[in-house]
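What follows is one structure encoded as structure tokens, with my remarks underneath.
Both backbone and side-chain heavy atoms feed into the values below; hydrogens, waters and symmetry mates do not.
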Amino acid sequence: MIVAKTIAEVRQQVREWKAEGLVVGLVPTMGYLHEGHASLVDKAVSMCDRVVASDFVNPTQFGPGEDLEAYPRDFERDCKLLEEHGCNMVFYPSVDEMYPDGNGSQDTYVEILNDMPKGLCGKTRPTHFRGVCTVVSKLFNIVTPDKAFFGQKDAQQLAIIKRMVRDMSYGIEIIGCPIVREDDGLAKSSRNTYLSAEERTAALVLSRSVRLGQQMVADGEKSTAKVVAAMVEMIEAEPLAKIDYVQAVNNFDMSPAENFEGSVLVAMAVYVGKTRLLDNFIIEA
């Protein structure tokens, strides 16, 4: 597996692959990889001739007081996982390589100006998706992939990236991949490492509430408000859990959904101790 630390290295290698007529896939990550990331690489390998993964903790998507410095990192471990799953190149840039001004920011950003980034995670993280769109846009320009692969756990991010790609005419196929869970149901996340043993047990209330919501819909419930209320009640019964949001929205534009019609995303962000965890499910009606 090639380890590239500069934009020039990536561009040169991708040019050579594309000159051979090869299909290139991109898996953007912030490192500290787990089985969820591995599933993205596996999907990319199955659909592409060559796969590039980025391993970069992007400062522009962290707000003041968030966990940028504490975010877990283990590049050697990441490389081992990527190579085992068939990744051909990992792009491991410095902050200065990605943001030449040298302070982890820049004067030009990519931002969606409709309401999609303002709700759900965007309500309490108002600059988060500007940072996400900017770094993903930069990665698209650097790697020029034919396909890019993102996890469904970050469902709002996935919807926003799909809209950005459409609006900016990138011509890249965006592939959403299912949530990967621990054996006990907890959604895989790099931030799970923050949890104490007691918090780890308490965090299972997220996946239990997901199963509750899914079962209510399977039993015929059409009202999103009733499903969300039941899920909230379950989560609030866990003393270590504090809800940021539990909401039902249209899965394409993130607008509020009153009933389970079309594609509806039921998403949540919940603090367990100091750790903010995400989970969700989608109903296609």
Side-chain angles (χ1 to χ4, degrees), residues 27-30 36-37 39-40 57-58 60-63 66-67 71 109-137 139-140 148-168 170 172-181 186-192 206-207 209-210 213-214 224-225 227-228 231-232 235 242-258 260-272 275-284:
V27 180
T29 85
M30 292 211 303
H37 299 105
S39 74
L40 302 182
V57 181
N58 174 42
T60 66
Q61 67 192 68
F62 288 80
E66 293 185 352
D67 59 341
Y71 196 85
Y109 289 89
V110 178
E111 186 171 13
I112 289 182
L113 298 178
N114 65 16
D115 289 338
M116 288 181 73
K118 296 177 182 177
L120 303 181
C121 287
K123 190 171 183 179
T124 54
R125 306 183 74 190
T127 63
H128 174 68
F129 289 111
R130 185 183 76 167
V132 169
C133 287
T134 299
V135 77
V136 170
S137 180
L139 290 169
F140 286 171
F149 299 79
F150 295 85
Q152 185 63 51
K153 182 171 71 69
D154 298 297
Q156 185 180 17
Q157 170 181 279
L158 176 59
I160 286 171
I161 288 169
K162 285 181 176 179
R163 180 61 59 91
M164 178 185 76
V165 165
R166 188 202 73 173
D167 289 355
M168 300 298 289
Y170 273 114
I172 298 168
E173 184 181 1
I174 304 301
I175 312 293
C177 300
I179 295 173
V180 176
R181 298 182 180 276
L186 183 66
K188 297 268 189 183
S189 170
S190 300
R191 289 187 169 98
N192 289 350
L206 277 77
S207 54
S209 71
V210 164
Q214 290 171 320
T224 61
V227 169
V228 167
M231 293 171 65
V232 166
I235 296 167
K242 179 184 176 183
I243 293 172
D244 183 350
Y245 66 81
V246 181
Q247 292 179 25
V249 297
N250 179 292
N251 190 35
F252 299 109
D253 64 10
M254 302 291 109
S255 61
E258 293 183 1
F260 286 99
E261 299 174 350
S263 183
V264 175
L265 166 70
V266 181
M268 70 181 75
V270 177
Y271 285 93
V272 179
T275 305
R276 187 174 182 273
L277 301 175
L278 303 180
D279 209 337
N280 65 73
F281 65 95
I282 295 170
I283 298 294
E284 304 286 354

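With a 6.0 Å radius and a threshold of 12 heavy atoms from other residues, nucleotides or ligands, E258 has its CD atom at or below the threshold.
Looking at T224 and V266, their side chains never come closer than 4.5 Å, going by heavy atoms from C-beta outward. Put simply, the side chain of L278 reaches to within 4.5 Å of the side chain of C121, judged on heavy atoms.
Within the structure, the side chain to side chain donor-acceptor pair (under 3.5 Å) test picks out no pair touching residues 149-161 (sequence neighbours left out).
Scanning all heavy atoms of the two residues, the minimum distance from R181 to K188 falls at O-CE, 3.9 Å. Summarising the geometry of S190 relative to Y71, their closest heavy-atom pair is CB-OH, 3.5 Å, with the distance given to 0.1 Å. Nearest approach of I161 to V132, heavy atoms of both residues: CD1-CG1, 4.3 Å. Contact between V180 and S39 at its shortest, heavy atoms only, is CG2-OG, 3.4 Å.
Going from atom CD1 of I243 over to atom CD1 of I235 covers 4.5 Å, rounded to the nearest 0.5 Å. Atom CG of N280 and atom CD1 of I179 lie 4.0 Å apart (nearest 0.5 Å). Here CD1 of I282 is found 4.0 Å from CG of N251. Values are rounded to the nearest 0.5 Å. To the nearest 0.5 angstrom, K162 atom NZ is 14.0 Å from I172 atom CD1. Residue E66 holds its CD atom at 8.0 Å from NE2 of H128, rounded to the nearest 0.5 Å. Note that the CZ atom of F129 and the CE atom of M254 stand 9.0 Å from one another [nearest 0.5 Å].
Side-chain atoms of S263 never come within 3.5 Å of backbone atoms of E284 as a donor-acceptor pair (strictly under, hydrogens ignored). Side-chain atoms of N250 come within 3.5 Å of backbone N or O of D253 as a donor-acceptor pair. A side-chain donor-acceptor contact under 3.5 Å links N58 to the backbone of G131.
Checking S137 against Y170 by side-chain atom types alone, a donor-acceptor pair falls below 3.5 Å.
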